[in-house]
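Every chain is numbered from 1, with letters handed out A, B, ... down the list of sequences. Keep in mind that the numbers below use all heavy atoms, side chains included, and drop hydrogens, waters and symmetry copies.
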Amino acid sequence: MLAINNIEVKYSDIILVLRGVSLEVPDEEIVSLMGNNGAGKTTTLKAISGMLATELGKVTEGSIMFNGKRIENGDAEVTVGLGIAQVMEGRRTLEHLTVEENLRVGGYKVSGDAKKNLERVYGYFPRLRDVRNSTAGYCSGGEQQMLVIGRGLMARPTLMLLDEPSLGLAPLLVEEIFGILKSINQGAKTALLLVEQNALAALSLANYGYVMENGRVVLDGAAEKLKNNEDIKEFYLGLNEVGKRKSYREVKHYRRRKRWLG
Amino acid sequence: MGLPCGTFNAEYREDMAILRTRTHWGLAIAAIVLLFTLPSYLSNTWLIVANFIGIWIVAALGLSLLTGYCGQISLGQAGFMAAGAFSCAALVNYGGLSYWPALIVAAFFTGGIGLIFGIPSLRVKGFYLAIITLAAHFIILFVILHIPALQGTMGLNIAPPHIGSVTFDSHHNFFYLIMGVVIIMTIITKNIVRTKPGRAFIAIRDNDLAAEMMGVDVFRYKLIAFFICAVYAGLAGGLMLGYITHAHIDEYPFMDSVWCLGFLIVGGLGSVAGTIMGVVFLRVFSQLTYMYLAPLATLLMPAGMGTAGFGIGPFTYGLIIILFLIFEPRGLYHRWEIFKSWYRLWPFAY
Amino acid sequence: MNTLQICLWGLQIGAIYGLIALAFVLVYKATKVINFAQGSIVMLTIYLCHAVISLGTFPIWAGLLLSAGVAIGLGLAINRLFMHPLVGQPLIAPVMVTIALLGLIQGLCIMVWGDIGGCRNFDPLGISAGALHIGQIVLLKPHTLGFIVTLVLFGLCALFFKYAKLGLGMRATAEDHQVAKVLGVPVMFVFAAVWALATLISLVAGFILGSMNGLELGIWQIGIKAIAVAIIGGLDSIPGALIAGLMVGVLEQLAGAYIDPYIGGGLMDVFPLIIMCIIIYFRPYGLFGLERIERV
Amino acid sequence: MERGKLLDNSNKIKLHADDIDLTFGGVRALMGVSLEIREGEILALIGPNGAGKTCMINCIDGFYRPQKGRIYFEDKEITHLAPHKIAEMGISRTFQNLALYTGMSTLENLMAARHAKLKYGTLKGAIYFGWAHNEEIEHRKRVEDIIDLLDLEPMRKKPVGALPYGQRKKVELGRALALEPRLLLLDEPMAGMNVEEKEDMARYILDVHDMQGTTILLVEHDMGLVMDIAERIVALDFGQKIAEGSPAEIKEDEKVLAAYLGKPKEG
């Protein structure tokens with residue numbers, strides 16, 4: 001359903017963030033995108049949803065296809081209408097609106113029965129029903145995370161982009177939220193593209209995984225395979241075997257002097 | 001900053017100088033000579049324009065330090081000028097001082113007023129602060145109006161200033177006085193900008209949180225910026241008083257505070273040369289508007305309707321500033337830089 | 001004059017400040033642009049309204065409707081011509097544009113309608129001279145009308161923001177441009193709508209001001225007071241604008257009545273500004289504003 | 001200089017943070033975190049996103065005020081000092097999301113960081129000739145040393161706003177060094193860099209450490225790098241210290257593994 005084909009993203013026409021990223025999200029599947037800070041995961045999501053423009057970013061090469069339509073450098077408002085909902089990093093609720101109002105904004109593009117749509121979301125997140133009239137900014141972290149996911153769901157997407165839904169949440173809550181994500185995937189037939197740092201948790205949910213580093217995809221494979229891959233550990237903890245890679249301590253002074261003379 | 005082809009600096013002393021080559025020195029001297037012979041080419045009308053340009057350059061340089069360099073937007077520069085003019089007039093009329101010491105004292109007194117309105121910068125940032133300076137303008141004028149000794153709506157008069165037997169009572173004489181002050185203030189501004197306080201100002205403008213954590217006492221330097229800005233304004237106000245020998249609040253309308261900011265925008269924020277360019281450009285333009293556009297506009301307006309001649313000034317001013325903001329937000333100075341970089345490589349413009 | 005009378009007048013004047021502050025706050029909330037030209041816009045809309053009505057070949061309600069259309073057009077034009085090209089620029093650019101607009105619009109009004117020192121009559125509803133007597137208390141008709149209209153408009157605004165879809169979109173935009181956009185709220189359309197709404201409200205405020213005192217080229221100065229009111233109320237708070245407006249109106253009238261005689265008048269013009277300076281120092285985000293957390 | 005010389009004071013405490021509690025925005029960012037940085041060491045602070053690493057740095061340099069706890073630098077309490085005072089005392093830092101003075105050139109950025117070291121005041125600056133001039137030249141020399149160390153020569157007079165990301169990171173390190181810090185706080189100095197740039201940056205950090213004996217607190221996500229250059233590591237999770245020790249110990253620590261990789265689920 002979604003195919004990213006070798007895209008390059010630049011910010012302000014100079015800063016190259018993504019250098020040839022390709023990935024695919026098949027219908028109704030969960031794909032996880034992992035990697036360190038600054039690897040380009042969030043940028044990839046923004047490139048899909050059309051949010052790059054708000055940060056002076058642009059897809060300069062390659063294409064993004066969604067159900068056969070090219071959507072790179074599209075307008076975020078339009079992309080939502082096509083059925084792609086992005087849940088941004090950091091639980092960005094509309095703080096001074098109530099929970100229900102937040103959800104209603106999420107359904108801005110959807111015509112039809114808002115009540116039914118709300119009920120559907122409350123079905124997935126019963127906890128939100130209990131706090132529907134409280135101000136979003138005063139909700140707990142877990143409720144806020146549920147709120148932003150639910151808000152994305154209000155747009156009735158066929159593909160949801162989730163940016164670090166587990167960030168800063170206690171393990172139990174992460175488990176709960178991941179459980180809900182699973183049921184959304186199965187119940188609503190929504191494909192998920194999940195950006196996560198919490199690799200094992202992500203891989204236990206996803207069917208397929210990609211690992212990014214420095215704006216490139218460096219590793220990909222079926223979740224089961226990745227879970228047992230020693231390289232994953234290295235990416236996250238640098239737990240490589242001794243001697244496999246040169247230590248940063250051993251980088252010689254002349255390495256840069258050499259360049260200076262040449 | 002670059003140098004012409006084939007010129008290099010061998011010492012930090014040279015590298016840090018403003019005028020670095022013989023050509024620079026030659027041009028600078030030529031410019032000053034040209035400036036001081038200007039009165040012999042200019043008609044009276046343009047001499048008056050030049051004098052006002054000089055006064056506004058002083059005020060705009062001060063604002064440039066506060067807004068262009070330190071990033072604190074001020075909408076009260078004309079108010080501070082009024083404070084300078086009236087305090088100077090009061091010192092001459094009631095304090096028994098002659099014009100020159102009064103001018104200095106008034107400038108620093110105005111600086112003190114600037115400090116008062118700078119205090120909120122401890123807690124208030126950005127446009128909130130701009131609105132406080134806007135309030136400063138009106139509050140200062142209100143206070144001036146309500147101090148009986150300042151004669152309220154009548155205003156205060158002084159005799160034209162003089163040094164020895166030279167009296168600065170003609171446009172011609174005053175031109176030299178003003179340009180002398182402008183040159184001194186420009187050099188001082190340039191010095192402030194390239195040394196410790198100037199770097200602190202820019203640091204505050206570009207990233208105040210980082211500045212604080214890199215050892216700059218942000219509040220202190222904001223206050224210094226307000227103080228310096230107001231001193232310049234006070235000086236400009238005092239010069240205005242000396243020039244028109246009259247202090248009156250109608251000389252300092254709120255819109256002048258706005259236009260003063262406009263000079264910076266048109267010239268380019270954060271540049272001394274740009275500030276001067278902005279003032280010259282807008283004032284000359286406004287004179288041309290007054291001379292040519294206004295009669296035309298009056299002619300075009302249906303008879304008995306409006307006062308096109310009066311409105312065209314602010315209208316075109318506003319329009320120019322907006323056009324600059326949209327199409328060349330870096331101001332005239334940027335254009336000049338582009339021009340210069342082209343010149344610098346000549347004839348090797350590859 | 002007794003104090004109650006002064007307070008009532010203060011409330012009525014204050015309501016107008018609140019109304020102009022509302023226009024100001026709407027633009028600020030949605031676009032984060034501080035509209036220094038607010039006062040000038042009030043002046044321009046009401047002069048335009050006067051011009052439309054003076055055409056004089058149609059009934060008064062048609063004239064008003066037409067003026068409303070003109071005002072909305074003005075708002076859209078400001079947004080399209082001056083704000084839109086600056087999308088993506090630092091915030092300072094559009095704010096500077098509004099500062100320049102302040103002068104531009106004034107110049108325009110002087111060019112078209114200026115006659116030095118002149119004040120035009122403006123009384124399409126025929127209420128300027130009227131007054132209501134309730135016991136000892138005298139209430140002037142335009143002021144009373146203004147008060148009622150203000151309350152109604154604030155009420156409508158509240159309903160609009162609570163129930164209308166566009167209102168909800170505006171609130172979302174006000175909270176966070178990025179989030180609003182990612183949820184499918186047409187942010188650029190919201191900007192345009194907000195400017196149109198602001199100029200429309202400006203027209204209403206200007207209409208009442210004109211009915212009170214006639215038209216003159218100093219009307220824009222009320223914008224300065226309205227900015228003060230908006231800041232006192234907290235810039236992003238709509239109820240704050242109303243409350244601060246009423247408060248400033250009353251305080252200003254009281255100051256005018258009880259302090260002015262000692263200092264020779266004129267205090268009313270700067271009193272809101274003085275209140276603002278004091279309040280802003282102790283509460284940098286106004287009385288009802290929301291404090292933001294700074295991060296590195 | 002050999003590292004052996006530095007080991008002499010390795011048990012002297014450079015900075016001591018005691019039981020720090022920090023709450024903001026309704027979130028408890030730090031809960032009773034204590035931290036010791038020893039004289040002349042490179043201490044790394046690690047932990048998943050949102051663990052409170054940057055908060056800790058912000059507390060040390062005075063940007064945040066902890067609700068509870070005290071911080072001592074060289075045995076003097078700095079908990080309630082203004083950030084610029086703390087900087088004057090010899091603590092400087094880099095920022096996670098670049099916080100350079102974008103309008104100034106590289107040179108000016110570095111000179112601006114020498115603010116606290118320059119003695120002359122505004123008036124002398126305005127007159128310039130004489131005092132200010134000589135002092136400027138003297139400090140310019142120091143700054144040039146840093147420029148030389150970090151290979152910043154080619155961009156000396158370029159406005160930093162126009163530099164590529166990696167170079168800006170370097171300028172930021174240079175700015176922090178220009179303050180002549182005795183304690184250097186580095187907040188993700190290598191975020192978003194490629195391996196080449198990371199190697200260079202690691203070299204610079206080690207050079208500074210070796211040549212000037214600067215104590216360094218390093219927050220960094222790249223574990224391989226942290227394991228290589230840090231002498232000791234403190235791990236945070238959910239605002240609490242979960243582990244402390246040598247890189248080898250941290251590698252084996254169960255809690256650290258769990259914090260990073262998540263608890264492996266059955267099945």
pair [X]-[Y]: side-chain heavy atoms closer than 4.5 Å:
{"X": "C:Met111", "Y": "B:Ile312", "result": "yes"}
{"X": "B:Phe86", "Y": "B:Ile249", "result": "yes"}
{"X": "B:Phe219", "Y": "B:Ser121", "result": "yes"}

Hey, can you tell me if C:Tyr47 and C:Trp113 have their rings parallel, tilted or perpendicular (30° and 60° cut-offs)?
parallel
For the interface with chain C, which of [options] has the highest count of heavy-atom pairs at distances below 4.5 Å?
{"options": "B:Gly126, B:Ala294, B:Gly318, B:Gly311", "result": "B:Gly311"}
{"options": "B:Pro329, B:Gly262, B:Pro148, B:Ala135", "result": "B:Ala135"}
{"options": "B:Thr316, B:Leu134, B:Ile131, B:Asn207", "result": "B:Ile131"}
{"options": "B:Leu261, B:Ile321, B:Ile320", "result": "B:Leu261"}

Taking side chain as everything from C-beta outward and backbone as N, CA, C, O, which of these in [X] sits under 4.5 Å from a heavy atom of chain B? Side chain, backbone, both or neither.
{"X": "C:Leu81", "value": "backbone"}
{"X": "C:Ile231", "value": "side chain"}
{"X": "C:Ile227", "value": "side chain"}
{"X": "C:Met96", "value": "both"}
{"X": "C:Val97", "value": "both"}
{"X": "C:Leu86", "value": "side chain"}
{"X": "C:Leu108", "value": "both"}

Pick one of side chain, backbone, both or neither for [X], based on which atoms fall under 4.5 Å of a heavy atom in chain C.
{"X": "B:Leu75", "value": "side chain"}
{"X": "B:Ile73", "value": "side chain"}
{"X": "B:Phe327", "value": "neither"}
{"X": "B:Tyr317", "value": "neither"}
{"X": "B:Leu145", "value": "neither"}
{"X": "B:Ile265", "value": "side chain"}
{"X": "B:Pro120", "value": "both"}

Contact winner vs chain B - C:Phe282, C:Phe82, C:Tyr281, heavy-atom pairs under 4.5 Å
C:Tyr281
Residue from C:Pro284, C:Pro90, C:Pro94 scoring the most non-hydrogen pairs under 4.5 Å with chain B is C:Pro284
Between C:Lys29 and C:Glu175, does any side-chain N to carboxylate O distance fall below 4.0 Å?
no
What closest approach, in Å, do [X] and [Y] show between heavy atoms, and which atom pair accounts for it?
{"X": "C:Cys277", "Y": "B:Ile139", "result": "SG-CD1, 4.2 Å"}
{"X": "B:Ala90", "Y": "B:Leu156", "result": "N-CD1, 4.0 Å"}
{"X": "C:Gly10", "Y": "C:Gln253", "result": "CA-CG, 3.3 Å"}
{"X": "B:Leu264", "Y": "B:Ala60", "result": "CD2-O, 3.7 Å"}

Test log, rule ring-ring contact (aromatic ring centres under 6.0 Å, His included), inputs C:Phe191 and C:His177
CA-CA 11 Å; C:Phe191 281 17; C:His177 291 173; 5.4 Å; yes
Residue from B:Phe142, B:Phe138, B:Trp259 passing ring-ring contact (aromatic ring centres under 6.0 Å, His included) with B:Phe254
B:Phe138
Show your reasoning for whether ring-ring contact (aromatic ring centres under 6.0 Å, His included) applies to B:Phe226 and B:Phe117.
CA-CA 8 Å; B:Phe226 267 97; B:Phe117 286 102; 8.9 Å; no
